[in-house]
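What follows is a short report on a single structure.
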Amino acid sequence: MKLGIYAGTFDPITYGHIDILKRALKIFDRVLVLVAKHPEKKSLFTAEERLEMVKEVIKDIENAEADKYCGLLVDYLRDKNATAVIRGMRVVSDFEYEFQMALMNRHLYPDIDIIFFFPSKEYTYLSSSIIKEVFLLGGDVSKFVPPYVIKKLEGKYRK
Ligand code: COA
């Protein structure tokens, strides 16, 4: 069974992430969406909330599962006996950061491989931050995030 770990912050998960997940499932038997912590990022949703959202929006996607982890990604991989990490590559400016992270992860865990997928073009300019900003200022984000995520954003910003 080929297991891929799709790691990210998912604050919140968007259709862009779901697009990458579905692409990865064409190659991997199982994909685990791992809500991980970026050490320098302050998130709007707690890790528990992010995981709960991910679980809800992927529940009908076969062979997709989710978990959360706080610590080094490579330690999680070792623990699961996994070696493949999935990441999305949106634009050229993603490359440098991804390259640095990939090689550092490989230094820490030589067995690792990072597999990149390009999202559909309508999602290449998406990020969780831009969704939050547009939503906060009253813009329509329904083309970019599932209705469940909109409900959760309302809970945070429009109580
Ligand atoms: N669609 C929409 N948005 C996308 C996307 C897609 N297909 N692909 C990436 N993005 C956005 C994300 O929403 C996020 O937006 P934001 O910055 O506004 O929140 C941004 O691109 C970055 O994406 P993300 O995949 O969440 O990466 P990250 O840099 O926040 O986190 C981790 C990367 C969590 C995998 C990394 O920090 C990690 O491995 N942490 C664990 C600790 C560790 O091992 N550190 C050492 C690493 S060498």
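All residue numbers in this chain count up from 1 along the given sequence. Keep in mind the model is a prediction, meaning the values are calculated, not measured. Just follow the structure's listing: the first ligand is 1, and inside any ligand the first atom is 1. Side-chain atoms are counted along with the backbone in the values below, which use heavy atoms only and exclude waters and symmetry mates.
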Heavy-atom nearest neighbour in the protein, as seen from atom 13 (O) of ligand 1, with distance rounded to 0.1 Å: S128 OG, 2.7 Å

Contact atoms of ligand 1, heavy-atom distance to A36 under 4.0 Å: 34 (C)

R30 backbone acceptor or donor facing K2 side chain under 3.5 Å: no

Residue M101 vicinity, atoms of ligand 1 by number, heavy atom under 4.0 Å: 36 (C), 47 (C), 48 (S)

Taking every non-hydrogen atom, the tightest pair across D94 and M89: CB-SD, 3.7 Å

Minimum side-chain heavy-atom gap L3-F28 below 4.5 Å: no

Atoms of ligand 1 close to N105 [distance to a heavy atom under 4.0 angstrom, numbered from 1]: 47 (C), 48 (S)

Exam field: side chain S128 to backbone P12, donor-acceptor pair closer than 3.5 Å: yes

Under 3.5 Å side-chain donor-acceptor pair for S127 and R90: no

Polar proximity ligand 1 side, S129 side, N/O cut 3.5 Å exclusive: yes

Element-labelled atoms of ligand 1 that are located less than 4.0 Å from some non-hydrogen atom of G71: 41 (C), 42 (C)

Where ligand 1 meets M104 - atom numbers and elements under 4.0 angstrom, heavy-atom basis: 48 (S)

Y123 N/O to ligand 1 N/O under 3.5 Å: no

Minimum non-hydrogen distance to atom 2 (C) of ligand 1, winning option of D19, T14, V74: T14

Donor-acceptor pair between D67 and Y76 side chains, under 3.5 angstrom: yes

Ligand 1 contacted by G16 (non-hydrogen, < 4.0 Å): yes

Part of T9 within contact of ligand 1 (heavy atoms, under 4.0 Å): both

Any donor-acceptor N/O pair, T46 side chain to E49 backbone, under 3.5 Å: yes

Atoms of ligand 1, numbered as shown, that sit under 4.0 Å from any heavy atom of H38: 28 (P), 29 (O), 30 (O), 31 (O), 37 (O)

Heavy-atom nearest neighbour in the protein, as seen from atom 24 (P) of ligand 1, with distance rounded to 0.1 Å: R87 NH1, 3.7 Å

Within-shell test, D11 vs ligand 1, heavy atom, strictly < 4.0 Å: no

Side-chain H-bond candidate by donor/acceptor type, D11 with T9, under 3.5 Å: no

Main-chain N/O of D75 paired with D79 side-chain donor or acceptor, under 3.5 Å: no

Atom indices of ligand 1, in the order listed, that fall short of 4.0 Å to a heavy atom of I20: 7 (N)

Side-chain (D113) to main-chain (A84) donor-acceptor, under 3.5 angstrom: no

Shortest protein heavy-atom distance from atom 4 (C) of ligand 1, along with the residue and atom involved: H17 NE2, 3.5 Å

Min side-chain heavy-atom separation L77-V85 under 4.5 Å: yes

Nearest neighbour in protein (non-hydrogen) for atom 3 (N) of ligand 1: L126 O, 3.4 Å

Shortest protein contact, atom 20 (C) of ligand 1 (heavy atom only): R90 NH2, 4.0 Å

Residue, atom name and distance, where the atom is the protein heavy atom closest to atom 38 (C) of ligand 1: K37 O, 4.3 Å

Donor on one side chain, acceptor on other, D111 and T83, under 3.5 Å: no

Under-4.0 Å heavy-atom contact with ligand 1, by part of L73 that carries it: both

Closest protein heavy atom to atom 45 (N) of ligand 1, given as residue, atom name and distance to 0.1 Å: L72 CD2, 4.0 Å

Per-atom contacts of ligand 1 with K41, taking only distances under 4.0 Å to non-hydrogen atoms: 14 (C), 16 (P), 17 (O), 19 (O), 22 (C), 28 (P), 30 (O)

Test of ring centre spacing under 6.0 Å for Y15 and F144: no

4.0 Å heavy-atom contact, Y97 with ligand 1: yes

Whether R87 side chain and E98 backbone form a donor-acceptor pair below 3.5 Å: no

